[in-house]
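Report on one structure; see the data block that follows.
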Amino acid sequence: MSKKDDIAQVLAKAHRKELSTITRIVRLCGPNESADNEPIKLLEVNPDTAPSGIWPIALIPDPPDIPYGSVVVEVTPDEYNDILANRLPLPHGWTLGDTLLSIEP
């Protein structure tokens, strides 16, 4: 596991702690994922959010604990299912990666 993977786990746990309605966090991967300047991208499934499609929100690094920028995309469970069924596309070149957190309702 890389340092970036470890930090993605830390971010996922912190986001869930701050927003207890999140039911799933999935790592999003882009074509340059291994680059140090590539942000950590997280897809957060939240039944309490409004459906709005894919709207990436960029966050700046918080050194020394979080040396990478991050991007969060928050979606509803229905939107997540649409992503899985390829009815709601992710940004060009992005794919679903590992599930970092899954809470069954």
Side-chain angles (χ1 to χ4, degrees):
M1 192 178 262
S2 74
K3 181 177 180 181
K4 208 175 212 184
D5 292 336
D6 292 340
I7 292 174
Q9 284 283 353
V10 168
L11 287 172
K13 288 177 185 174
H15 288 197
R16 174 62 163 96
K17 184 176 179 184
E18 289 298 316
L19 195 57
S20 64
T21 54
I22 293 172
T23 58
R24 179 178 301 272
I25 299 178
V26 178
R27 181 96 180 260
L28 293 169
C29 300
N32 299 317
E33 206 57 44
S34 62
D36 283 340
N37 63 345
E38 183 72 14
I40 295 169
K41 295 174 286 302
L42 302 176
L43 178 75
E44 299 182 349
V45 181
N46 184 349
D48 285 354
T49 196
S52 59
I54 305 294
W55 288 95
I57 298 177
L59 305 169
I60 60 171
D62 188 16
D65 296 328
I66 311 294
Y68 303 102
S70 58
V71 173
V72 173
V73 176
E74 189 173 78
V75 297
T76 66
D78 287 341
E79 288 173 318
Y80 179 66
N81 289 331
D82 286 344
I83 292 167
L84 292 175
N86 294 317
R87 292 186 298 264
L88 180 60
L90 295 170
H92 182 73
W94 289 15
T95 59
L96 294 173
D98 293 336
T99 298
L100 304 177
L101 176 95
S102 180
I103 309 281
E104 295 303 320

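None of the values given here were measured: they were computed from a predicted structure.
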Joint cluster assignment, Val26 & Leu101, ILVMFWY side-chain distance < 4.5 Å:
no
Verify the cluster assignment for Trp94 and Ile83: are they in a single hydrophobic cluster under the rule of side-chain heavy atoms below 4.5 Å apart?
yes
Does any non-hydrogen side-chain atom of Ile54 lie less than 4.5 Å from one of Leu90?
yes
With a 4.5 Å heavy-atom cut-off, do Ile66 and Pro61 have their side chains touching?
no
Counting N and O atoms only, with roles assigned by atom type, does the side chain of Glu33 sit under 3.5 Å from a partner on the main chain of Gly30, one being a donor and the other an acceptor?
yes
side-chain contact (heavy atoms from CB on, under 4.5 Å) between Asn37 and Tyr68, worked out:
CA-CA 7 Å; Asn37 63 345; Tyr68 303 102; over 6 Å; no
Ignoring hydrogens and geometry, is there a side-chain-to-backbone donor-acceptor pair from Glu79 to Gly53 under 3.5 Å?
yes
If you measure from CG on Leu96 to SG on Cys29, what distance do you get to the nearest 0.5 Å?
8.5 Å
In terms of heavy-atom contacts, Pro56 and Pro91 come closest through CG-CG, 4.3 Å
Would you say that Asp48 contacts Leu19 through its side chain, given a criterion of any heavy-atom pair below 4.5 Å between the two side chains?
no
For the hydrophobic clusters of this structure (ILVMFWY residues joined by side-chain heavy atoms under 4.5 Å, transitively), does one cluster hold both Leu28 and Leu59?
no
Evaluate side-chain contact (heavy atoms from CB on, under 4.5 Å) for Arg24 paired with Ile103, printing each intermediate quantity in order.
CA-CA 6 Å; Arg24 179 178 301 272; Ile103 309 281; over 6 Å; no
Can Arg27 and Asp5 be counted as an ion pair, charged N to O under 4.0 angstrom?
yes
Glu74: what forms a side-chain hydrogen bond (donor to acceptor under 3.5 Å, both in side chains) with it, not counting sequence neighbours?
Asn46, Thr49
Is the side chain of Lys4 donor-acceptor paired with the backbone N or O of Ala35 at a distance under 3.5 Å, no angle test?
yes
In Å and rounded to the nearest 0.5 Å, what is the OG to CD1 distance from Ser102 to Ile22?
12.5 Å
Shortest non-hydrogen contact from Pro31 toward Gly93:
CD-O, 3.5 Å
Out of curiosity, does Val72 fall in the hydrophobic cluster containing Val45 (side-chain heavy atoms, cut-off under 4.5 Å, transitive links)?
no
Side-chain contact, heavy-atom cut-off 4.5 Å: Val75 with Glu44?
no
Is the shortest heavy-atom distance from the side chain of Pro67 to the side chain of Lys3 under 4.5 Å?
yes
For the CD1 atom of Ile25 and the CG atom of Leu100, what is their distance to the nearest 0.5 Å?
7.0 Å
Taking side chain as C-beta onward, heavy atoms only, is Leu43 less than 4.5 Å from Tyr80?
yes
Pairwise side-chain contact, Leu11 with Leu42, heavy-atom cut-off 4.5 Å (strictly under):
yes
With heavy-atom distances below 4.5 Å as the criterion, would you say the side chains of Asp65 and Ile7 are in contact?
no
